[in-house]
Amino acid sequence: MPDAHRSVLSVAVPAESGVARIYDAPDLADAYAVRLPDNAIDDPELLARFMFAHQAGWIAKLLGLRDALVARFGLKTSKQLRMANPPGSRDRVDIFRIYTRSAREIILGENDSHLDFRLSILQQTRDTHEGSARYLILSTVVHCHNGLGRFYILAIAPFHRLVVRSTLRRAARIGWPTA
């Protein structure tokens, strides 16, 4: 039987998320939820930092392959994005720029010539069979500017879904930081 705290569920982008209405007609919009243990910290920025710091090794290799391919088209690479973050700066979480922070949500993302995207890491209380429980919802919305952006998102969407699910599952397996 799967552990409820490790199961990653595909859900609708939450209406209360800051990314739900950021683009009129997103070219990609998805969301995945994982249940947080009762004692997990409740700071969405720290949860985001934890998730991205503990990704599986295959994700870094996949990102390296992506970088080698997109650099030829003048698109931003993960190395360029990391270099945009001076040491000690709190303007980024991993390669992602921080757009907004609140008590329940952090919105990350990037703008590029081919597309803009936003990630939301939102804590949400949901009703369960046992009562209510906290969930972490990772939502992604993408707006493409041109044919290259639409081709890119079509090509990477299956990998994106694997990466998001793996990232949430791995963080739950390792154990979320506690308060």
Side-chain angles (χ1 to χ4, degrees), residues 3-11 13-14 16-20 22 28-67 70 75-112 115-126 133-142 156 159-179:
D3 182 347
H5 291 286
R6 294 184 187 164
S7 296
V8 176
L9 311 169
S10 177
V11 298
V13 175
E16 72 266 29
S17 172
V19 301
I22 198 165
L28 179 135
D30 61 24
Y32 296 90
V34 66
R35 186 171 172 175
L36 291 169
D38 294 338
N39 64 343
I41 60 172
D42 63 358
D43 182 326
E45 181 176 343
L46 293 178
L47 291 167
R49 289 186 187 285
F50 176 80
M51 278 191 312
F52 293 122
H54 292 90
Q55 288 183 309
W58 65 266
I59 294 173
K61 291 178 183 170
L62 189 62
L63 191 57
L65 176 61
R66 176 245 177 232
D67 287 350
V70 303
L75 304 180
K76 294 177 185 173
T77 66
S78 59
K79 183 178 180 179
Q80 290 169 322
L81 294 171
R82 283 191 179 97
M83 289 173 44
N85 194 29
S89 171
R90 303 292 289 177
D91 296 335
R92 289 190 172 279
V93 172
D94 193 36
I95 62 171
F96 308 111
R97 179 178 162 209
I98 297 173
Y99 282 87
T100 63
R101 295 176 180 98
S102 71
R104 293 184 339 112
E105 181 178 39
I106 185 167
I107 297 177
L108 312 171
E110 197 61 51
N111 295 336
D112 208 339
L115 60 77
D116 300 341
F117 72 92
R118 299 294 182 270
L119 305 175
S120 160
I121 293 90
L122 172 75
Q123 290 183 87
Q124 184 184 66
T125 301
R126 294 176 156 224
R134 275 191 315 142
Y135 280 79
L136 188 73
I137 318 289
L138 197 159
S139 303
T140 307
V141 293
V142 178
I156 67 125
F159 301 103
H160 156 78
R161 292 180 190 102
L162 286 172
V163 166
V164 170
R165 287 182 170 160
S166 170
T167 298
L168 289 169
R169 196 175 299 114
R170 185 175 174 93
R173 189 176 65 248
I174 291 170
W176 297 99
T178 57

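What you see is a predicted model, and the numbers here were worked out from it, not measured in a lab.
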| field | Gln123 vs Leu136, side chain to side chain contact (heavy atoms under 4.5 Å, CB included): CA-CA, chis, key distance, verdict | value | CA-CA 5 Å; Gln123 290 183 87; Leu136 188 73; 4.2 Å; yes
| Min side-chain heavy-atom separation Met51-Val93 under 4.5 Å | no
| task | Would you sort out whether Leu47 and Leu36 count as a side chain to side chain contact (heavy atoms under 4.5 Å, CB included), showing the intermediate values? | result | CA-CA 10 Å; Leu47 291 167; Leu36 291 169; 4.3 Å; yes
| note | Smallest heavy-atom separation, Glu110 atom then Ile95 atom, equals OE1-O, 4.1 Å
| query | If every non-hydrogen atom of Arg134 is compared with every non-hydrogen atom of Asp38, which pair is closest and at what distance? | reply | NH2-O, 3.9 Å
| query | Quick one: does Asp91's side chain get under 4.5 Å of Arg97's, heavy atoms only? | reply | no
| task | Kindly compute the distance separating CH2 (Trp58) from CG (Leu65), expressed to the nearest 0.5 Å. | result | 12.5 Å
| note | Taken to the nearest 0.5 Å, the spacing of Leu62 CG from Ser166 OG works out to 10.5 Å
| field | Given Asn111, Thr140, Thr100, the one that forms side chain to side chain donor-acceptor pair (under 3.5 Å) with Arg118 | value | Asn111
| task | Mind checking the CG-CZ spacing from Asp42 to Arg104? Nearest 0.5 Å is all I need. | result | 11.0 Å
| said: Can you see whether Ser17 engages Ser120 through a side-chain donor-acceptor pair at a distance of less than 3.5 angstrom? | reply: yes
| query | Would you call Leu108 and Phe52 a side-chain contact if the rule is heavy atoms closer than 4.5 Å? | reply | yes
| task | Examine distances only and state if a side-chain atom of Glu105 and a backbone atom of Gly18 form a donor-acceptor pair shorter than 3.5 Å. | result | yes
| query | About how many Å separate CG of Leu138 and CG of Leu119, when rounded to the nearest 0.5 Å? | reply | 6.0 Å
| side chain to side chain contact (heavy atoms under 4.5 Å, CB included) between Ile41 and Phe50, intermediate numbers included | CA-CA 11 Å; Ile41 60 172; Phe50 176 80; over 6 Å; no
| request: Check step by step if side chain to side chain contact (heavy atoms under 4.5 Å, CB included) holds for Arg173 and His54. | output: CA-CA 11 Å; Arg173 189 176 65 248; His54 292 90; over 6 Å; no
| field | Contact summary for Glu45 and Asp43, nearest pair of heavy atoms | value | N-OD1, 2.8 Å
| field | Side chain proximity check, Leu46 to Pro177, heavy atoms < 4.5 angstrom | value | no
| Beyond-backbone contact of Arg126 with Val11, side-chain heavy atoms, under 4.5 angstrom | yes
| Nearest atoms (heavy-atom pairs only) where Tyr135 meets Ala33 | CD2-CB, 4.2 Å
| remark: One should read off an interatomic distance between Ile106 CD1 and Phe96 CZ, to the nearest 0.5 angstrom, of 11.5 Å
| remark: Separation between CG (Leu63) and CG (Asp67), nearest 0.5 Å, reads 4.5 Å
| field | Taking every non-hydrogen atom, the tightest pair across Val13 and Ala20 | value | CG1-CA, 4.0 Å
